Amino acid sequence: HVFSPVACVSRRGGMSPLAEGMVLCLAMTPTHGHDGAVGVLGQSTERDVREVTMTPDLPYISPLMDVASLAPGSSAVIVAETIIFFTVISVGGWIYETLLCLVMERRLVRRGVLYGPCCPIYGVGATCVWLCLGWIESPVGVFVAGAILATSIEYATGTFLVHRFHRSWWDYSMFRFNYRGRICLAASLVFGFFSLLIVLFLQPLIFGGLEMLTEATLLDAASFLVICYATDVVATTLSLDARARERVLGVARRIRDIT
């Protein structure tokens, strides 16, 4: 037996571009002999499939090959959808923390490092959980691995912010089983629950909704969000880092002197 890759050509809808790319990479069907026949990819993809005949002399294609090489143009859509997914979760995290602080402190507290209404650490955590743990079938496995992964991200982020800006945006010192006030057991358990929520509910829901948009709309929205994030990051860095602010002002003065 030899293996021939089945190329799928279909309309937008149903699976996300990432899932489509995985089908393109992993759908290997057995063929017999050297007659050039191509196997059928089954009926479980819920998409229109057109079989493309491959000659038996073509080399075996590894499932790890670049998705973009099999599905031209889909890589940009995958990136765009991921950026929007990241933004939705970041904004959701900001809303969650704002409401939590409102209930606990009975006052509005500005949450997040950036000026905009978002907490990027939630977006980073959710994206990493989706990409790294989405293949795990066991809910318990997702919970445990998600708690460990998200806690590691939170500790690394907290350490970076303290060393870079000499400030701490959260403190778990009042909780038991905390480490340097940057992580604690209670928060890790919450992160495990959020990981389950991401993998089992939010990621399929958000990407399913994005499938209703055109590729042009996705790319335009993602480009706009990147510009917003870049502007906010620059403004936040300049406001928090005196050295960076002085360097920018120095460059501006030199440009003014030249002109």
Side-chain angles (χ1 to χ4, degrees), residues 3 5-6 8 13-30 41-47 49 61-67 70-71 74-75 77-79 81-97 100 119-159 170 172 175-179 182-211:
F3 283 86
V6 174
C8 303
M15 293 186 295
S16 69
L18 180 61
E20 179 182 352
M22 294 303 294
V23 169
L24 289 169
C25 284
L26 299 178
M28 301 292 178
T29 57
L41 182 67
Q43 305 299 322
S44 61
T45 62
E46 299 180 3
R47 297 177 62 95
V49 177
I61 298 180
S62 168
L64 300 179
M65 72 179 297
D66 185 11
V67 173
L70 286 176
S74 66
S75 57
V77 177
I78 295 172
V79 173
E81 290 188 340
T82 303
I83 291 172
I84 297 174
F85 172 77
F86 171 91
T87 303
V88 171
I89 301 300
S90 297
V91 173
W94 179 86
I95 294 174
Y96 161 76
E97 290 207 355
L100 183 63
C119 290
I121 189 172
Y122 283 88
V124 172
T127 304
C128 290
V129 164
W130 163 49
L131 294 176
C132 298
L133 309 181
W135 57 272
I136 299 179
E137 296 182 358
S138 169
V140 176
V142 173
F143 180 90
V144 174
I148 295 174
L149 178 60
T151 300
S152 302
I153 293 173
E154 183 176 48
Y155 182 79
T157 303
T159 302
W170 63 87
Y172 295 130
F175 294 96
R176 297 182 62 186
F177 308 110
N178 76 85
Y179 181 69
R182 297 174 191 171
I183 56 176
C184 70
L185 178 60
S188 297
L189 296 177
V190 172
F191 293 150
F193 171 76
F194 279 166
S195 298
L196 281 174
L197 195 64
I198 290 295
V199 172
L200 300 180
F201 179 69
L202 290 180
Q203 187 273 328
L205 178 65
I206 293 173
F207 275 81
L210 293 177
E211 285 297 312

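This is a predicted model, so every value here is computed, not measured. Hydrogens, waters and symmetry mates are skipped; everything else that's a heavy atom, side chains included, is used.
Taking OG1 of T127 as the start and CD of Q203 as the end, the distance is 10.0 Å to the nearest 0.5 Å. Remark: I78 CD1 to I83 CD1 distance equals 12.0 Å, nearest 0.5 Å. For the atom pair Y172 OH and N178 CG, the distance stands at 10.5 Å (nearest 0.5 Å). The distance from atom CD1 of I153 to atom CG of L149, rounded to the nearest 0.5 Å, is 4.0 Å. Atoms CD1 and CD1, on I206 and I84 in that order, are 10.5 Å from each other to the nearest 0.5 Å. Considering CZ of F143 and OG of S195, their distance stands at 8.5 Å, rounded to 0.5 Å.
By the 4.5 Å heavy-atom criterion applied to side chains, R176 and C184 are not counted as neighbours. Between W130 and F207, the closest side-chain pair of non-hydrogen atoms falls below 4.5 Å.
Qualifying side-chain contact (heavy atoms from CB on, under 4.5 Å) partners for T151, counting only residues two or more places apart in sequence or in other chains: I183, S188, F191. With sequence neighbours left out, F86 forms a ring pair (Phe, Tyr, Trp, His ring centres under 6.0 Å) with Y229. With sequence neighbours excluded, no residue forms a ring pair (Phe, Tyr, Trp, His ring centres under 6.0 Å) with Y122. Every residue two or more places apart in sequence or in another chain that forms a side-chain hydrogen bond (donor to acceptor under 3.5 Å, both in side chains) with T159 is listed here: R182. Under the rule for a ring pair (Phe, Tyr, Trp, His ring centres under 6.0 Å), F193 has no partner lying at least two apart in sequence or in another chain. With sequence neighbours excluded, no residue satisfies salt bridge (charged side-chain N to carboxylate O under 4.0 Å, His left out) with E154.
The shortest non-hydrogen separation linking A145 to I136 is CB-CD1, 4.3 Å. Scanning all heavy atoms of the two residues, the minimum distance from V199 to G134 falls at CG1-CA, 4.3 Å. Closest of all the heavy-atom pairs between S90 and P120 is OG-CA, 3.6 Å.
Using bins of under 30°, 30° to 60° and over 60° for the plane-to-plane angle, the ring pair F194/Y96 lands in the perpendicular bin.
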